Amino acid sequence: MQGIFRLRQMIVTIALALAPAPAFAIDEALLPRNLSPWGMFLGADIVVKTVMVGLAVASLVTWTVWLAKSIELRRKGALALQRTRALEGNIKLAEAAERAGDAHDAVAQLIQSCAKEAELSGGVLDDGLQERVALRLERVEAAMSRQIARGTGVLATIGATAPFVGLFGTVWGIMNSFIGISESHTTSLAVVAPGIAEALLATALGLVAAIPAVVIYNQLVRGIANYRALLGDASAQLMLLVSRQRDHRDFRLARAAE
């Protein structure tokens, strides 16, 4: 009996030694060990790589627009506030036009447009003058508002589409992982884990691009609204100035006097 037991034990040992290694052990040896974000990017499918690069570029565009528009809003807002406060004092339209000169900022263009209409009217003080001035000021305000809002639309586009672009990369990566399961004839999680991690990285990058874009867009919209309010105040001050000089019959410009 002992001889039979020893013989059976020897056969089992030889069979285990000759048996092929489990599929998961082979696959684990072939799996990439670097699962850092950069390592997952390098190991990702070309489609997923393209999605990640596009989202990284979108994030770079978001922060570039934020920096540029923030500087622009701060500079133009400070200048508009300064010129609007100057209009609140005891100042004539001719003097305001002379101070504005050939400047190209928004309030200076409002002043120049108002002075141009007054000059074209030839000093005729009627109700039509104020209506024509108001129309000119409205057109200048609209043009300056479009100019200051230029570039913010891309932030809205990034905020709305980046999560879906990242989701597309995730779906594509998971699909490739399931194809890998089918080709390897194994259901081991170790086989598909790297592919799923790479796919989920695309979703993470989509959120990284979208969330700041939405926050920055809302911040810039508030800043643009404040800037438009400043232009509205400047237009109101110019209308008051025109009305005040009309009442005093002192509506004369330096150029018209010449």
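These figures come from a predicted structure and were not determined experimentally.
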Colleague: Pair up each side-chain donor or acceptor in residues 162-175 with any protein partner under 3.5 Å, not counting sequence neighbours, and list the distances.
Modeller:
from	atom 1	to	atom 2	distance (Å)
Thr170	OG1	Gly166	O	3.1
Thr170	OG1	Ala199	O	2.6
Thr170	OG1	Thr203	N	3.3
Thr170	OG1	Thr203	OG1	2.2
Trp172	NE1	Asp45	OD2	3.0

Colleague: With the 4.5 Å side-chain cut-off for hydrophobic clustering, are Val61 and Leu67 part of the same group?
Modeller: yes
Colleague: For Arg85, which residues count as a salt bridge (charged side-chain N to carboxylate O under 4.0 Å, His left out) partner, sequence neighbours excluded?
Modeller: none
Colleague: So how far is it from Arg83 CZ to Asp105 CG, rounded to the nearest 0.5 Å?
Modeller: 4.0 Å
Colleague: Would you mind writing out the side-chain donor-acceptor pairs for residues 210-229 within the sub-3.5 Å range, not counting sequence neighbours?
Modeller:
from	atom 1	to	atom 2	distance (Å)
Asn218	ND2	Val214	O	3.3
Asn226	ND2	Arg222	O	3.3
Arg228	NE	Ser145	OG	3.4

Colleague: What are the two closest non-hydrogen atoms of Leu87 and Gln237, and how far apart are they?
Modeller: O-OE1, 3.8 Å
Colleague: Mind checking side-chain contact (heavy atoms from CB on, under 4.5 Å) for Gln82 and listing every partner two or more places apart, or none if nothing turns up?
Modeller: Leu79
Colleague: Can you list every pair that meets salt bridge (Lys or Arg N to Asp or Glu O under 4.0 Å) and has a residue in residues 60-77, with sequence neighbours left out?
Modeller: Lys69-Glu72, Glu72-Lys76
Colleague: Other than Leu81, which residues form its hydrophobic cluster under the rule that side-chain heavy atoms must be closer than 4.5 Å?
Modeller: Leu230
Colleague: Once side-chain contact (heavy atoms from CB on, under 4.5 Å) is applied, do any residues pair with Arg99, and if so which ones, sequence neighbours excluded?
Modeller: Ala86, Ile91, Glu95
Colleague: Got a donor-acceptor contact below 3.5 angstrom from the Ser113 side chain to the Gln109 backbone?
Modeller: no
Colleague: Just to verify, what does Glu141 make a salt bridge (charged side-chain N to carboxylate O under 4.0 Å, His left out) with, not counting sequence neighbours?
Modeller: none
Colleague: Answer yes or no: is there a side-chain heavy-atom contact under 4.5 Å between Thr84 and Val107?
Modeller: yes
Colleague: Measure the CZ-CD distance between Arg132 and Glu117 for me, rounded to the nearest 0.5 Å.
Modeller: 5.0 Å
Colleague: Please enumerate all residues that pass salt bridge (charged side-chain N to carboxylate O under 4.0 Å, His left out) together with Glu138, with sequence neighbours excluded.
Modeller: none
Colleague: Under the ring-ring contact (aromatic ring centres under 6.0 Å, His included) definition, can you give me all pairs with a residue in residues 47-95, not counting sequence neighbours?
Modeller: Trp63-Trp66
Colleague: Partners of Thr62 by side-chain hydrogen bond (donor to acceptor under 3.5 Å, both in side chains), sequence neighbours excluded?
Modeller: none
Colleague: Where is the tightest heavy-atom contact between Ala103 and Gln112, given as atom of each residue plus distance?
Modeller: O-NE2, 3.1 Å
Colleague: Report yes if some heavy atom in the side chain of Leu55 is under 4.5 Å from a heavy atom in the side chain of Val208; otherwise report no.
Modeller: no
Colleague: Roughly how far apart are Arg136 CZ and Leu238 CG, rounded to 0.5 Å?
Modeller: 13.0 Å
Colleague: Would you say Leu240 and Leu135 are hydrophobically clustered, going by side-chain heavy atoms of ILVMFWY under 4.5 Å?
Modeller: no
Colleague: Tabulate below the donor-acceptor pairs under 3.5 Å that side-chain atoms of residues 148-157 make, not counting sequence neighbours, or state none.
Modeller:
from	atom 1	to	atom 2	distance (Å)
Thr152	OG1	Ala149	O	2.7
Thr157	OG1	Gly153	O	3.2

